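Notes follow the structure.
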Amino acid sequence: MDLLVQIWAGSFYLLNKVFFSTAERAEPALKRKLKAMGWIVYILGVPAWAIILIGNHNWIAASIEIGGVPAMLLGLYNVVNNHQKKNKPHEFTARFSTYAFIVFGMSYSLFEYGGINTLNQILEIGVMIGFLLGSYLLAKSNVYGWPFFMLMNVSAGMLMYIQDKPILAIQQALSLGFVIYGFFSMYQKRKLTVIN
């Protein structure tokens, strides 16, 4: 069962990075479709990640995954509406959910472990910072979301490796390659836009 959940979690999150990174070099209509598919597969991968993270008592990372769903939905909403139509209640919900789950996950982790006493917790904090800022910035089409995703991939890959989840460690390494590609693609495109 653990192997199937790892495959589910890893394949959906890898697909997310494939769709997001290839969207950066696509023409506008295809770019929107790829980004929408990227947000959808990301959301569909959350239950598997939640199962794995909760099962390993990774409370910080699990709370971010679960609490980040409204931000993922905001990203999908923004792509579908081509960033033309603001939804203030949805933006508020995404922000509130993110902050509430950060507080919950951090508090529970600090309670269970008596402070920040493990390498796992430090890696989870890296996952948290990378995921939250990366998702938020990419939902707003900001190029600096990619480096935060890099932090997330490195932290999550190391966490999965030390917790004996080899499929997910490999998936994080592969995802990192696509994240780097997405960053340079988006950065180069922005640079060309400024020059022209």
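The structure displayed is predicted, hence computed values, not measured ones.
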Parallel, tilted or perpendicular: ring planes of F20 versus F149, cut at 30 and 60 degrees
parallel
Return a table of donor-acceptor pairs under 3.5 angstrom between the side chains of residues 43-51 and protein atoms on other chains or two or more places apart.
unit_1	atom_1	unit_2	atom_2	d
W49	NE1	A9	O	3.2

For residues P166 and Y161, determine if any side-chain heavy atom of one lies less than 4.5 Å from a side-chain heavy atom of the other.
no
Under 3.5 Å, which donor-acceptor pairs do the side chains of residues 172-180 form with other protein atoms, sequence neighbours left out?
unit_1	atom_1	unit_2	atom_2	d
Q172	OE1	N153	ND2	2.7
S175	OG	Q171	O	3.0
S175	OG	Q171	NE2	2.8

Starting at CD of E124, measure out to CD1 of I129 and round the result to the nearest 0.5 Å.
12.0 Å
Can you find a heavy atom in the side chain of M160 that is under 4.5 Å from one in the side chain of I52?
yes
Do V18 and W8 belong to the same hydrophobic cluster, where Ile, Leu, Val, Met, Phe, Trp and Tyr are linked whenever their side-chain heavy atoms lie under 4.5 Å apart, directly or via other members?
no
Is the shortest heavy-atom distance from the side chain of L159 to the side chain of N120 under 4.5 Å?
yes
Will you find, in the side chains of Q121 and N58, an N or O donor that is under 3.5 Å from an N or O acceptor?
no
How many angstroms lie between atom CD1 of I40 and atom NZ of K35, to the nearest 0.5 angstrom?
14.0 Å
Side chains of I162 and L123, heavy atoms from C-beta outward: is any pair under 4.5 Å?
yes
Spell out, as yes or no, whether a donor-acceptor pair under 3.5 Å connects the side chain of R25 to the backbone of S185.
no
Under a 4.5 Å side-chain heavy-atom rule over Ile, Leu, Val, Met, Phe, Trp and Tyr, are I60 and L151 clustered together?
yes
Note: L53 and E65 closest approach over all heavy atoms is CD1-CG, 3.7 Å
Say whether L168 and I170 are linked into one hydrophobic cluster, either directly or through other cluster members, by side-chain heavy-atom distances under 4.5 angstrom.
no
How far does CZ of F19 sit from CE of M37, to the nearest 0.5 angstrom?
3.5 Å
Sidechain-backbone polar pair: N16 side chain, G38 backbone, donor-acceptor under 3.5 Å:
yes
Check whether any side-chain heavy atom of M72 sits under 4.5 Å from a side-chain heavy atom of Y77, and report yes or no.
no
From CZ (F111) to CH2 (W59), nearest 0.5 Å:
11.5 Å
Kindly assign one of parallel, tilted or perpendicular to the pair F96 and F92, based on the angle between their ring planes and the thresholds 30° and 60°.
parallel
Take atom OH in Y181; do more than 12 heavy atoms of anything else shown fall under 6.0 Å from it?
yes
Contact check, side chains of I122 and T118, non-hydrogen atoms, under 4.5 Å:
no
Using only atom types and a distance under 3.5 Å, with no angle test, would you say the side chain of H90 pairs donor to acceptor with the backbone of A71?
no
What are the two closest heavy atoms between V79 and A36, and how far apart are they?
CG1-N, 3.7 Å
Which atom pairs, donor and acceptor, lie under 3.5 Å between side-chain atoms of residues 97-106 and protein residues at least two apart or in another chain?
unit_1	atom_1	unit_2	atom_2	d
S97	OG	G67	O	2.8
T98	OG1	A94	O	2.7

Rounded to the nearest 0.5 Å, what separation is found between the CG atom of L137 and the OH atom of Y144?
10.5 Å
Crowded around M150 CE? As in, over 12 foreign heavy atoms under 6.0 Å?
yes
If every non-hydrogen atom of G114 is compared with every non-hydrogen atom of N117, which pair is closest and at what distance?
O-ND2, 3.0 Å
What about I54 and V5, same hydrophobic cluster or not, with Ile/Leu/Val/Met/Phe/Trp/Tyr joined at side-chain heavy-atom distances under 4.5 Å?
no
In the structure I gave you, are the side-chain heavy atoms of N56 and K165 within less than 4.5 Å of one another anywhere?
yes
According to the interplanar angle, ranging from 0 to 90°, do the rings of W39 and Y42 count as parallel (below 30°), tilted (30 to 60°) or perpendicular (above 60°)?
parallel
Going from OG on S21 to CH2 on W146, what distance comes out if it is rounded to the nearest 0.5 angstrom?
5.5 Å
Please evaluate residues E91 and R95 with respect to the criterion salt bridge (Lys or Arg N to Asp or Glu O under 4.0 Å), reporting the C-alpha separation (whole Å), side-chain torsions for both, the decisive distance (0.1 Å), and the verdict.
CA-CA 6 Å; E91 286 189 26; R95 241 181 270 123; 3.7 Å; yes
Is it possible for you to say whether L14 and I167 belong to one hydrophobic cluster, with membership spreading through side-chain heavy-atom contacts below 4.5 Å?
no
Check whether any side-chain heavy atom of I125 sits under 4.5 Å from a side-chain heavy atom of I116, and report yes or no.
yes
Any luck finding a side-chain donor-acceptor pair between E112 and S109 under 3.5 Å?
no
